[in-house]
Amino acid sequence: MTLHQTGRDVRDLCRRGVFTGPTAGLAPGYTQANVVILPENIAQFFHDFCRLNPKPCPLLQFTSPGQFEPKALAHAADIRTDVPRYRVFRDGVCVDRPDSIEKYWQNTLVTFLLGCSFTFEWALLDAGLPVRHIEEKCNVPMFRTNRLCNPVGPFSGPLVVSMRPMTPVQACRASQLTTAFPKAHGAPVHVGDPAAIGIADLAKPEYGDAVRIHPGELPVFWACGVTPMEAIAKARLPFAITHEPGHMFVTDALDESLRQATRG
């Protein structure tokens, strides 16, 4: 698959079952989104969870019950087929990782689309900063931390972070750049010692793939949209659907539309 594609191109490949892999590096310039799909009766709790935890859960759009076309972000899209791979949860346990959720769809389901750090990666690359998982053609490493989210209703649990190794100078520049993307997790939440946020081994991420850290580099951690999966598992919800980590919904919105002006 080439990099020079639109969000619609990627969605079409997903819908046809041609592409089922991670979406980092695809459709440059098009906003990617985390996906959470919940029954209507608990959707308001999750909406409030996003409001109180905006770093890991920056809300871009939510749909009406049963609506599977998120029109505000992707025209003629179908959230049931247009993600490369999904996770289906029952009682908090992942029971299926399909490439379509049509057989699971119900008219009471509400879809939430959350900002993703893949959105700001093009700003990093344009600035000459490394994005190691794109270099190594793998999924971004994601880790469970000892930091807790603000609880709402059935939703609580640890913050999950994604990691990109950089030199101290590069990390400072990356922080400046990503601050302008609060709807894509914004600035890093931690730089340096992983043990300080409860991460024991950078070679063993809970989600995604380990990447090389070169001499002189530090791990740089951003809040991650996989955080809701931890909350869903902890809540033991009877039924929920998310994207597979790193396998995002690629929208028609442009990354630049999420960039905010910063001072200095």
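Every value quoted in this text rests on a predicted model; they were computed, and no experiment measured them.
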Check: F45 and L38 side chains under 4.5 Å, non-hydrogen atoms: no
Distance under 6.0 Å and angle within 45° of ring axis: R80 vs F68: yes
Is the shortest side-chain N to carboxylate O distance from D252 to R11 below 4.0 Å? yes
Under 4.5 Å between side-chain heavy atoms, hopping through other hydrophobics if needed: is there a path connecting L73 to F181? yes
Indicate, with yes or no, if the rings of F46 and F155 have centres closer together than 6.0 Å. yes
Examine the side chains of T108 and E40 and answer whether a donor and an acceptor come within less than 3.5 Å of each other. no
Shared hydrophobic cluster for F118 and L60 (ILVMFWY, side-chain gaps under 4.5 Å): no
Do I197 and I213 land in one hydrophobic cluster if side-chain heavy atoms of ILVMFWY residues count as linked below 4.5 Å? yes
Should the pair R16-D12 be classified as a salt bridge under the 4.0 Å nitrogen-to-oxygen rule? yes
Would you call D82-R15 a salt bridge at under 4.0 Å N-O? yes
Heavy atoms only: give me the nearest P245-R87 pair and the separation to one decimal. CD-NE, 3.5 Å
Over all heavy atoms of both residues, which pair between A123 and R259 is shortest? Give the atoms and the distance, please. CB-NH2, 4.0 Å
Side chains of P168 and L218: closer than 4.5 Å at any heavy-atom pair? yes
Have S117 and R164 got a donor and an acceptor in their side chains that come within less than 3.5 Å? yes
Of the non-hydrogen atoms in G157 and K234, which two are nearest, and what is the gap between them? CA-CD, 3.8 Å
State yes or no: do Y86 and M229 share one hydrophobic cluster built from I, L, V, M, F, W and Y residues joined by side-chain heavy-atom distances below 4.5 Å, directly or via other members? no
Under 3.5 Å, is there a donor-acceptor pair linking the side chains of D96 and Y104? yes
Taking all atoms of both residues into account, what is the closest heavy-atom pair of A187 and T178, and its distance? CA-OG1, 3.4 Å
Assess the residue pair H243 and F249 against the criterion (ring pair (Phe, Tyr, Trp, His ring centres under 6.0 Å)); give the C-alpha distance rounded to whole Å, side-chain angles, the decisive distance to 0.1 Å, and a yes or no. CA-CA 8 Å; H243 65 292; F249 177 73; over 10 Å; no
Are a donor atom and an acceptor atom from the side chains of Y207 and E244 found within less than 3.5 Å of each other? no
Heavy-atom nearest pair, A76 first then E69, reads N-OE2, 2.9 Å
Under a 3.5 Å threshold, yes or no: a donor from one side chain and an acceptor from the other, between D99 and T20? no
Looking only at side-chain N and O atoms, does T167 offer a donor or acceptor that is under 3.5 Å from a partner on Q170? yes
Ignoring hydrogens, what is the shortest heavy-atom contact between L52 and P54? Give both atom names and the distance. C-CD, 3.4 Å
Taking it one step at a time, do E217 and R132 satisfy salt bridge (Lys or Arg N to Asp or Glu O under 4.0 Å)? CA-CA 11 Å; E217 291 183 333; R132 190 62 38 77; 2.7 Å; yes
